[in-house]
Asker: 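The structure follows.
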Amino acid sequence: MNAPAAALLTQTHGLELLREMMRIRAFEDRCYQLYGQMKIRGFLHLYNGEEAIAVGALRALRAEDAIVATYREHGHALARGIPMNRVMAELFGKQTGCSGGRGGSMHLFDVSRKFYGGNAIVAGGLPIAVGLALAQKLRGETALTACFFGDGAVAEGEFHESLNLAALWKLPVLFLCENNLYAMGTALDRAQAETDISARAAAYRIDAAAVDAMDVLAVEAAVARAAQAVRGGAPAFLEMRTYRFRAHSMFDPQLYRDRAEVEAWQKKGPIITLTTRLKAQGLMREEDYQRLERECNAEVDSAVQFAERSPWEPLSDLERYVYAERRT
Amino acid sequence: MPNDAPEPAGTLTYRDAVREALSVALREDPRVFLMGEDVGRYGGSYAVSKGLLAAFGPERIRDTPLCESTFVGAGIGAALGGMRPIVEVMTVNFSLLALDQIVNNAATLSHMSGGQISVPLVIRLATGAGRQLGAQHSHSLEGWYAHIPGLRIAVPATLDDARFMLAAALALPDPVLLFEHLYLYNMEGTLTEGLERVDLEHAAVRRTGRDVTLISYGWGLHKCLSAAAELAKEGIEAEVLDLRTLRPLDDAAIMASVRHTRRALIVDEGWRSGSLAAEIATRIVEQAFYELDAPVARLCSTEVPIPYAKHLEDAALPSPPRIAAAVRALIAPAGGG
């Protein structure tokens with residue numbers, strides 16, 4: 001693993017990163033409860049353990065950069081700045097949700113923030129990211145497109161087609177592979193002959209590196225560096241080595257992995273790692289951590305109340321937007 | 001390949017009409033670009049885009065690798081990013097490799113995002129059988145695509161539509177699939193003088209008649225017109241309706257014609273089961289049942305993978321003689337009282 005040197009850690013910087021990861025964790029933990037209470041339905045894929053990727057990456061990118069994500073995208077949506085109220089309302093299926101309640105957990109959209117979903121077909125977002133980047137290039141924009149996907153996508157044809165096309169046309173795409181070692185229940189080495197994912201990306205002549213994605217600072221530094229290269233006129237690829245702490249979805253009894261493996265990864269999770277570091281450097285005390293936790297929980301409480309209070313989209317709107325209502 | 005023989009002034013082929021439509025679109029809107037397999041240096045698998053690379057350059061006439069799913073998806077992404085891409089999928093047969101992008105993304109994004117996104121993408125595909133290309137190159141799957149809410153499906157069957165449907169598709173904020181029947185590329189004729197645009201909403205009566213309505217599209221339209229000419233010699237006046245768009249279907253035009261003739265034969269190169277012809281027949285029964293003098297009839301392709309051998313392929317497809325025979329069968333019982 002050739003993780004870049006971590007960025008300089010100041011107190012403000014460190015606390016902001018920690019708070020953002022804790023916000024996502026608090027949100028996801030509440031979603032888990034709300035699913036049990038049947039407030040959230042459908043498929044629900046939680047991001048616990050992987051928070052450093054969305055937080056580090058989105059912090060290193062610019063607001064003008066387009067984002068394409070997967071069905072495990074609550075963290076990316078929150079880190080991109082979509083208000084938590086609107087994300088929670090979407091999970092409740094309410095009209096005030098960021099997709100009007102039509103998408104649910106797997107299809108969060110906010111075009112005003114260049115957040116292009118929420119794609120629930122594995123690898124289905126990669127070609128779209130390539131196209132967004134093609135538009136950015138043809139229009140002479142300075143923005144890039146960041147495309148998040150999992151290790152499972154690496155087995156799909158669209159992964160290979162998209163990397164090839166982005167490299168061939170020198171498009172400003174930053175491919176961010178969240179390798180949590182399992183494609184649903186299938187371990188990487190049971191599905192892929194070559195498990196070194198960044199090596200596969202490099203085969204398409206794309207600059208590729210692997211990153212310890214339990215370290216948010218390493219993620220942030222790697223993405224900042226890769227983004228600079230992408231803006232210079234070529235795609236880049238980062239394999240984010242991470243781990244999913246919770247089940248794949250709410251219907252997963254996790255028969256395919258040992259409890260001990262999960263616990264070992266939890267001990268080196270991104271929130272614990274940064275907390276320990278901040279405390280060791282004297283930049284945070286336990287009471288600071290607890291205050292952050294209270295604040296995050298309060299924000300989640302308020303988002304749940306917002307979602308509860310929000311109206312459902314009227315049935316008369318069911319057939320709206322099958323076709324666009326405005327000329328573009 | 002294009003026929004380079006000299007032509008009378010004003011005469012052009014369907015292929016020329018599509019090429020002219022592309023040229024005009026590229027000239028008039030800097031957001032428009034064409035991408036697909038062999039659209040550039042090769043000049044298009046059916047020579048439609050011949051000469052465009054020289055005129056517009058490789059940024060706007062983009063040869064892609066063979067990766068239908070990704071270049072169609074890239075078209076979707078580019079549309080989201082403010083461009084007006086025209087994606088050529090060489091044939092409908094290869095579009096099966098891009099079904100995920102067309103069905104899961106192009107068709108859903110507007111509705112699923114609560115109207116935040118629209119996908120102003122045009123996909124051009126050659127379709128149809130009749131050239132002895134075998135089962136994997138002879139599909140007529142436009143009826144399948146017409147099943148999908150969120151897509152618009154249009155089929156230019158005339159030179160005017162070949163020339164002007166593209167502009168109509170580009171003016172819409174939605175994904176539009178334009179199906180060009182491979183048998184029509186060499187069709188010759190002239191454009192209607194003074195015509196400047198067409199719509200993507202209305203069917204068109206291509207021949208008027210009082211005894212039966214032949215409902216078709218694409219190459220099927222021309223088979224119907226030739227059957228109608230034959231039938232006229234026998235005193236049977238068939239009206240021929242060109243659907244032009246398969247989604248949305250122009251119910252009003254279909255019913256108006258059927259109410260007038262009181263008989264309908266649907267001619268569809270798709271297979272019968274679960275077909276577009278089935279949908280149209282159902283709509284006629286739902287909306288005009290009591291005005292019919294005969295059961296709605298259908299002539300579709302035989303339910304086999306389209307074979308290579310000419311006699312077998314011919315037997316599998318609707319043809320003017322079979323259309324005429326179906327019309328006679330439809331009219332005779334009623335005529336016999």
Side-chain angles (χ1 to χ4, degrees), chain A residues 66 68 90 95 97-104 107-112 116-121 123-139 141 143 145 156-166 168-169 171 313 317 319-328, chain B residues 30-33 35 58-60 62-85 87 97-101 103-121 148-152 171-176 247-248:
Chain A
V68 175
E90 185 60 35
Q95 189 172 24
C98 59
S99 306
R102 283 147 172 242
H107 302 297
L108 305 174
F109 286 87
D110 186 344
V111 174
S112 71
Y116 291 96
N119 195 303
I121 304 297
L126 278 88
I128 291 183
V130 167
L132 282 162
L134 175 59
Q136 288 164 331
K137 182 175 179 175
L138 290 172
R139 289 158 60 98
E141 296 175 5
T145 299
E156 295 277 5
E158 285 178 330
F159 169 88
H160 299 274
E161 294 179 2
S162 294
L163 263 63
N164 180 53
L165 202 57
L168 186 73
W169 287 354
L171 301 179
E313 185 174 17
D317 280 2
E319 294 182 73
R320 287 187 71 182
Y321 308 125
V322 174
Y323 299 97
E325 293 185 1
R326 62 196 153 73
R327 299 282 158 136
T328 52
Chain B
R31 299 172 304 174
V32 170
F33 66 97
M35 82 177 147
E59 288 289 282
R60 302 187 71 200
R62 306 185 77 91
D63 280 321
T64 66
L66 280 69
C67 54
E68 288 78 4
S69 192
T70 287
F71 70 70
V72 169
I76 296 167
L80 297 179
M83 301 300 288
R84 289 292 176 278
V87 173
L97 293 164
L99 266 182
D100 171 50
Q101 291 299 331
V103 177
N104 273 320
N105 289 329
T108 65
L109 290 177
S110 173
H111 192 264
M112 191 166 72
S113 67
Q116 290 178 69
I117 286 178
S118 60
V119 183
L121 168 69
I148 311 294
L151 302 180
R152 293 177 181 272
L172 288 166
D174 307 312
V176 182
R247 187 178 192 98

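Here is how names work: the chains are called A, B, and so on, in the same order as the sequence lines, proteins then strands, and each is numbered from 1. All of these numbers come straight from a predicted model, not from anything done at the bench.
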Asker: If you count heavy-atom pairs under 4.5 Å between each of Ile76(B), Leu109(B), Asn105(B) and chain A, which one has the most?
Answerer: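 With the most close heavy-atom pairs to chain A, the winner is Asn105(B).
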
Asker: Please classify the contact of Thr108(B) with chain A as side chain, backbone, both or neither, using a heavy-atom distance under 4.5 Å.
Answerer: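 Answer is neither: Thr108(B) stays 4.5 Å or more from chain A.
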
Asker: Do Glu161(A) and Pro65(B) make a side-chain contact, defined as non-hydrogen atoms from C-beta onward lying under 4.5 Å apart?
Answerer: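 Not in contact.
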
Asker: With distance as the sole test, does Ser113(B) use its side chain to make a donor-acceptor pair with the main-chain N or O of Gln116(B) at under 3.5 Å?
Answerer: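 Flag set: sc Ser113(B) to bb Gln116(B) pair under 3.5 Å.
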
Asker: Can you tell which part of Asp317(A) gets under 4.5 Å to a heavy atom of chain B, answering side chain, backbone, both or neither?
Answerer: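 Looking at Asp317(A), nothing touches chain B.
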
Asker: Using a cut-off of under 4.5 Å on heavy-atom pairs, state which of Leu108(A), Leu134(A), Val130(A), Thr145(A) scores highest against chain B.
Answerer: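 The residue among Leu108(A), Leu134(A), Val130(A), Thr145(A) with the greatest pair count is Leu134(A).
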
Asker: Does the Gln101(B) side chain pair with the main chain of Gly124(A), one donor and one acceptor, at a distance under 3.5 Å?
Answerer: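 Checked: pair present.
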
Asker: Sort Leu97(B) into side chain, backbone, both or neither according to what part of it lies under 4.5 angstrom from a heavy atom of chain A.
Answerer: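 For Leu97(B), neither part sits under 4.5 Å from chain A.
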
Asker: Between the side chains of Arg320(A) and Glu313(A), is the shortest nitrogen-to-carboxylate-oxygen separation below 4.0 Å, so that they form an ion pair?
Answerer: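 No.
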
Asker: Supply the atom-to-atom distance Met112(B) CE to His107(A) NE2, rounded to the nearest 0.5 angstrom.
Answerer: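 One gets 4.5 Å once the value is rounded to the nearest 0.5 Å.
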
Asker: Locate the shortest heavy-atom distance separating Tyr116(A) from Ala66(A); write the atom from each residue and the value.
Answerer: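 Of all heavy-atom pairs spanning Tyr116(A) and Ala66(A), the closest is CE1-CB, 3.8 Å.
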
Asker: Would Arg84(B) pass as a cation-pi partner of Phe33(B), given that its NZ or CZ must be under 6.0 Å from the six-membered ring centre and within 45 degrees of the axis?
Answerer: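 Not satisfied by the 6.0 Å and 45° rule.
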
Asker: Please state whether the side chain, the backbone, both or neither of Leu171(A) comes within less than 4.5 Å of a heavy atom of chain B.
Answerer: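 Neither part.
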
Asker: Taking side chain as everything from C-beta outward and backbone as N, CA, C, O, which of these in Glu158(A) sits under 4.5 Å from a heavy atom of chain B? Side chain, backbone, both or neither.
Answerer: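 Backbone plus side chain of Glu158(A), per the 4.5 Å heavy-atom cut-off to chain B.
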
Asker: For Leu80(B), is it the side chain, the backbone, both or neither that has a heavy atom under 4.5 Å from a heavy atom of chain A?
Answerer: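 The answer is both parts of Leu80(B).
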
Asker: Only pairs of heavy atoms separated by less than 4.5 Å count here; which of Met35(B), Glu59(B), Arg60(B), Met83(B) has the most with chain A?
Answerer: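 Most pairs with chain A among the choices: Met83(B).
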
